[in-house]
Every structure is written in structure tokens, then in C-alpha cells.
J.: 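Before we start, here is the structure in question, set down as C-alpha cells.
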Amino acid sequence: MEKPNIILLGAPGSGKGTRAVVLSEVLGVPQIATGDLFRKNLKLMTEIGKVAKGYIDRGELVPDEVTAAMLRQRLEEPDAQNGFILDGFPRSVNQAKILDGLLAQKGAKINSVIYIKVDDEEIVKRLSGRMICSKCQAPYHKIDNKPKREGVCDKCGGELVVRDDDNPDTIRKRLKVFHETTFPLVELYPKSGILSEIKSEKSANGLKFDMAELSRRLGFIK
Ligand code: ADP
Ligand code: ZN
């Protein structure tokens with residue numbers, strides 16, 4: 001069976017991160033989220049964090065050189081050698097090219113792109129209830145994905161917080177960037193025959209069931 005080298009595409013608030021976490025459990029490969037990597041760098045006040053801060057606060061994309069260097073390092077880690085789920089990269093046609101180049105150096109390539117489709121109205125609703133764990137970055141939602149204990153992460157006991165960039169102005173800007181810069185990727189990948197589209201609705205079966213079924217359909221598990 002092929003190693004799962006997967007891209008998850010979707011607007012901010014599409015449920016991309018939540019699905020990436022579950023897919024990562026199902027497939028036993030890491031979720032690599034550039035937004036999470038940036039937030040770690042911000043917390044540790046690294047050089048990357050300092051450069052990225054202004055862009056993130058404004059809801060703009062961090063320059064490609066910075067993002068690609070950070071991603072390249074992450075892809076070198078041992079746990080990423082048997083596959084990965086990219087969450088939040090690429091976000092533009094140029095980043096898709098950069099990614100192809102990075103993987104080609106390792107003799108690898110993307111074999112699946114999963115696009116999570118959801119309307120803008122729904123997105124704004126979702127983002128307004130979103131929280132993340134301040135320690136492990138696990139995503140939660142006040143209504144749709146509540147933690148077992150209010151304000152506390154189920155996985156690590158960390159405190160749940162609202163992200164600084166989940167304010168109305170930045171959300172609006174991020175949606176604009178998604179439509180103008182990221183969405184063209186959804187039109188780019190069908191030509192390669194590796195794009196699957198999924199809906200971002202809650203299903204009766206649950207997320208784990210859905211992600212396992214999708215993984216089987218894509219041929220990554222039996
Ligand atoms: P969301 O998908 O909810 O907008 P992310 O956590 O993926 O949030 O990203 C947060 C911010 O981090 C983005 O608004 C952007 O500033 C920066 N960022 C994340 N991924 C990338 C990327 N691939 N290229 C440039 N900037 C990025
Ligand atoms: Zn946590």
C-alpha cells in the first residue's frame with residue numbers, strides 16, 4: 001500500500017484541523033499544520049515567530065520562504081517518513097509548486113488531496129465558537145465539539161483559549177485570502193486525478209467512522 005501523503009484543503013473554520021487530527025489517528029501518520037507550527041514559534045518567540053506575527057495578526061499569509069523553510073524542517077523529522085497529513089499547506093498555487101519540489105528531493109509526492117467543502121455562512125458561525133488547547137493545539141468548539149470538562153483539553157488537560165486571530169476583522173481577511181489565493185488550488189488538482197471532495201457536515205456515523213471509510217476508499221488502509 002502507498003504511504004499516505006495527503007493534503008487537506010479547506011477554508012478557515014471548515015473543520016480541516018478536526019478532520020486532520022482524526023485522519024492522523026486512523027492512518028498513524030502525523031498531522032502537520034503550518035498554523036500550529038507558527039503558533040509554537042510565536043509562543044517561543046523564535047526568529048520565525050517574530051517574522052510571522054504581524055502577518056498572522058492581520059490574517060495575511062506569511063511569506064513563502066519563511067513558511068517553506070519551516071515546513072521543510074518538519075518534513076525531515078523521523079515521524080514524517082511514512083506519510084503525513086498536511087493541514088494548512090499549500091495555501092496558494094506557488095506553495096503547491098514549492099511542495100512538489102520539497103517532496104521530489106525525497107523521492108516522494110502527494111497522492112491525495114481532500115477538499116472540505118462548506119459555505120461561508122457556516123464558516124463564520126463555526127469560527128465564532130472555536131477554541132484551541134493552549135498546550136497541544138487540539139481544536140474544540142463551544143457547540144459542535146465540546147470538551148468533556150469546560151475549558152479543559154480532553155487530551156492533555158491544557159487550558160482552552162480563543163485564538164487571537166479569531167476576531168471578526170481577521171476572520172474576514174482570512175476568508176478573502178482563502179477565496180482569492182487558496183481556492184484556485186481546488187481547481188488545479190482535479191487535473192491530476194487525486195482530488196476528493198467531502199462535506200463538512202456532522203454525520204450520524206461520527207467523524208472517526210467517516211475518516212476510516214475515506215481512508216479505505218483512498219486505498220491507504222484495508
Ligand atoms: P485557519 O486555517 O483557521 O485560518 P491556520 O492555523 O491554518 O488557521 O493559520 C493561521 C495563520 O497562520 C494564517 O492566517 C497565516 O497567517 C499563517 N499561515 C498558516 N499556514 C500558512 C501557509 N501555508 N502560508 C502562509 N501563512 C500561513
Ligand atoms: Zn491539549
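Counting starts at 1 for both ligands and their atoms, following the listed order.
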J.: Scan the side chains in residues 1-11 for donor-acceptor partners under 3.5 Å anywhere in the protein, sequence neighbours excluded, and list what turns up.
T.:
from, atom 1, to, atom 2, distance (Å)
E2, OE2, N111, ND2, 3.4
K3, NZ, Q81, O, 3.1
N5, ND2, K109, O, 3.0

J.: Determine which pairs satisfy salt bridge (charged side-chain N to carboxylate O under 4.0 Å, His left out) with at least one residue from residues 75-89, sequence neighbours left out, and list them in order.
T.: K16-D87, R74-D79
J.: Given the Zn ion (ligand 2) as the apex, I'd like the angle to SG of C133 and SG of C156, rounded to 10 degrees.
T.: 100°
J.: Salt bridge or not for R217 and D210, using N-O below 4.0 Å?
T.: no
J.: Can we say D100 and K97 salt-bridge, meaning some charged N sits less than 4.0 Å from an Asp/Glu carboxylate O?
T.: no
J.: What does the 4.0 Å heavy-atom contact list look like for ligand 1?
T.: P12, K16, T34, G35, F38, R39, I56, E60, L61, V62, T67, G88, F89, R91, Q95, R130, R163, D165, R174
J.: Taking only residues two or more places apart in sequence or in another chain, which ones pass salt bridge (Lys or Arg N to Asp or Glu O under 4.0 Å) with K142?
T.: none
J.: Regarding R91 and the six-membered ring of F89, is the cationic atom NZ or CZ under 6.0 Å from the ring centre and inside 45° of its axis?
T.: no
